[in-house]
Amino acid sequence: MNMAEMDKLAAAGLRGEVRLREPMARHTSWRAGGSAERALLPADLDDLALTLRVLAPHEPVLVVGLGSNLLVRDGGLRGTVILTHWALRELRRGSATADGTDLYAQAGVPSPRVARFAAMNDLKGAEFLAGIPGTVGGALAMNAGCYGGETWDIVASVETIYRSGTIRSRTRDDYEIAYRHVRLKDERGRMNLEVHENLHPSSFILASSTPLRGPHPSEEWFVSATFRLPGGSGAESRVRITELLRRRIATQPLERPNAGSVFRNPPGDYAARLIEACGLKGKAIGGARISVKHANFIVNEGGARAADIEALIVLAEQSVREQFGVVLEREVLIVGERDEGAGMKAEGQP
Ligand SMILES: Cc1cc2nc3c(=O)[nH]c(=O)nc-3n(C[C@H](O)[C@H](O)[C@H](O)COP(=O)(O)OP(=O)(O)OC[C@H]3O[C@@H](n4cnc5c(N)ncnc54)[C@H](O)[C@@H]3O)c2cc1C
């Protein structure tokens with residue numbers, strides 16, 4: 001986006017904010033990494049639609065919730081990051097149906113808020129969301145889950161927004177859904193090509209070892225979910241939430257910045273067990289360390305660079321592959337460009 005495009009946004013009536021060279025360490029739970037060329041903080045859903053309509057068709061867009069599953073490399077991100085957490089904050093009780101009561105949550109609502117709101121309304125089944133420190137949008141994109149619950153188990157429908165700013169409603173049947181995996185069925189490619197003549201590949205560098213999942217980096221993003229939950233006892237849900245959070249505090253290194261589990265668990269095993277068996281628990285590179293408390297977590301001990309975190313990720317992958325023949329799949333998404341200058345400096349200077 002250049003100055004002319006920013007003027008165009010202002011002239012079109014953008015009520016939100018545009019920030020240039022926005023440090024993504026402010027918007028990711030690892031508190032590390034480079035800057036986004038531009039960050040857009042729309043005021044609400046209408047503002048988001050307007051923004052998408054005005055952005056140049058070749059502008060790379062990354063939608064970010066609370067950045068709790070994201071590593072932005074030190075060289076930063078080209079294009080525009082849209083921060084939904086600032087915009088899409090509506091959460092309300094909907095109507096009762098034969099299979100439960102609906103809760104409407106926009107994509108920027110933190111998942112733990114949905115858990116508490118459901119309990120307040122005597123609805124059960126959303127308690128697991130209390131321990132997932134991202135947004136509803138991120139939970140939909142990742143099919144986030146824990147302790148037996150998964151986001152899409154409780155979704156009745158979602159609304160999405162296209163690059164053109166148009167909103168549409170979708171159901172679970174439109175998606176292929178599995179463990180930490182959500183992808184639009186075949187219709188996606190056809191539909192996007194029909195809707196967006198100027199479809200382009202994202203210029204974000206995706207470093208995941210796994211195939212792309214979720215709507216990212218497609219041209220369609222989640223803007224809301226309607227959860228359908230059976231009636232229950234708010235008091236019982238609150239007890240369950242407290243228990244879940246207690247278990248997390250006991251087993252996860254929550255006192256240091258992290259992004260939750262770095263790898264998906266391979267079938268029939270645990271990534272943490274394999275990493276620990278390679279002797280990597282406590283291994284540090286720069287300011288990052290494989291947690292002593294939970295080997296599938298990497299913590300920022302202060303001043304970690306994204307490169308330190310990524311080096312530990314690669315080390316864990318290589319070690320587990322060499323020792324056990326298991327290919328670990330990344331759960332976290334790595335985007336952006338390496339800071340080649342820093343690498344050269346490190347090599348050339350003592
Ligand atoms: C301490 C800790 C514990 C965690 N525990 C769990 C756990 O138990 N289970 C679990 O599943 N995860 C866990 N996580 C990981 C993370 O919280 C979840 O994956 C969460 O759902 C990500 O949400 P987010 O808003 O932070 O997404 P982000 O990190 O901002 O984005 C993640 C991905 O989702 C995409 N995305 C975000 N919003 C949208 C949108 N509106 N539309 C389309 N795509 C979007 C992004 O582009 C990106 O690809 C944990 C993380 C931490 C830090």
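In this chain, numbering begins with 1 at the start of the sequence shown. Just follow the structure's listing: the first ligand is 1, and inside any ligand the first atom is 1.
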* To do: May I ask which of G260, A139, S261 has a heavy atom nearer to atom 52 (C) of ligand 1 than the others do?
  => G260
* To do: Measure the distances from the heavy atoms of H27 to every atom of ligand 1 and state whether one is below 4.0 angstrom.
  => no
* Taking everything shown except Y270 itself, do over 12 heavy atoms lie less than 6.0 Å from its OH? -> no
* If you measure from atom 50 (C) of ligand 1 to every heavy atom of G145, P133, C146, which option wins on shortest distance? -> P133
* So, are R330 and E317 salt-bridged, with charged N and O less than 4.0 Å apart? -> yes
* Would you find more than 12 non-hydrogen atoms of other residues, nucleotides or ligands less than 6.0 Å from R15 atom CZ? -> yes
* Considering the heavy atoms of L333, write down every atom of ligand 1 situated less than 4.0 Å from one of them. => 48 (C), 49 (O)
* Quick one: which ligand 1 atoms are inside 4.0 Å of a heavy atom on G67? -> 26 (O), 28 (P), 29 (O), 30 (O)
* **Atoms in ligand 1 with a heavy atom of L62 nearer than 4.0 Å** => 47 (O)
* Asked: What part of L254 sits under 4.0 Å from ligand 1 if we count only heavy atoms: the side chain, the backbone, both or neither?
  -> side chain
* **Atoms of ligand 1 close to L66 [distance to a heavy atom under 4.0 angstrom, numbered from 1]** => 24 (P), 25 (O), 26 (O), 30 (O)
* Is E331 touching ligand 1 with its side chain, its backbone, both, or neither, if touching means heavy atoms under 4.0 Å apart? -> side chain
* Give a yes or no on this: more than 12 heavy atoms of other residues, nucleotides or ligands lie within 6.0 Å of atom NZ of K124. => no
* Considering the heavy atoms of A259, write down every atom of ligand 1 situated less than 4.0 Å from one of them. => 51 (C), 52 (C), 53 (C)
* With heavy atoms under 4.0 Å as the rule, classify the contact between N69 and ligand 1 as side chain, backbone, both or neither. => both
* To do: With atom 46 (C) of ligand 1 as the reference point, say which of V63, L140, I82 has the nearest heavy atom.
  => V63
* Can you list the atoms of ligand 1 that are under 4.0 Å from a heavy atom of V64? -> 30 (O)
* Name all pairs fulfilling the salt bridge (Lys or Arg N to Asp or Glu O under 4.0 Å) condition that reach into residues 85-114, sequence neighbours left out, sorted by first residue then second. => E90-R92, D99-R228, D102-R228
* Asked: Taking the side chain as C-beta and beyond, is there a heavy-atom pair between T84 and V223 under 4.5 Å?
  -> no
* To do: Decide whether an N or O pair under 3.5 Å exists between T84 and ligand 1.
  => no
* Out of R170, R183, R163, R168, which one pairs with E220 under the salt bridge (charged side-chain N to carboxylate O under 4.0 Å, His left out) rule? -> R170
* Asked: Short list, please: which atoms of ligand 1 are under 4.0 Å from a heavy atom of M142?
  -> 19 (O), 33 (C)
* **R78/E337 salt bridge by N-O under 4.0 Å criterion** => yes
* What part of A107, side chain from CB on, backbone N/CA/C/O, both or neither, has a heavy atom under 4.0 Å from ligand 1? -> side chain
* To do: Determine, for E37 against R21, whether the closest basic-nitrogen to carboxylate-oxygen distance falls under 4.0 angstrom.
  => no
* Asked: Same cluster for L14 and L52 if Ile/Leu/Val/Met/Phe/Trp/Tyr side chains link at under 4.5 Å?
  -> yes
* Salt bridge or not for E236 and R238, using N-O below 4.0 Å? -> no
* Structure fact -> If we number the atoms of ligand 1 from 1 as shown, the ones under 4.0 Å from a heavy atom of L70 are 29 (O)
* Is A144 close to ligand 1, meaning an N/O of one under 3.5 Å from an N/O of the other? -> no
* Return a yes/no value for N258: is any of its N or O atoms, backbone included, closer than 3.5 angstrom to an N or O of ligand 1? => no
* Asked: For R180 and ligand 1, does the shortest N/O to N/O distance drop below 3.5 Å?
  -> yes
* Compare all side-chain heavy atoms of D74 with those of R305 and state whether any distance is below 4.5 angstrom. => yes
* Report yes or no: does R248 have a heavy atom closer than 4.0 Å to ligand 1? => yes
* Less than 6.0 Å separating the ring centroids of Y162 and F222? -> no
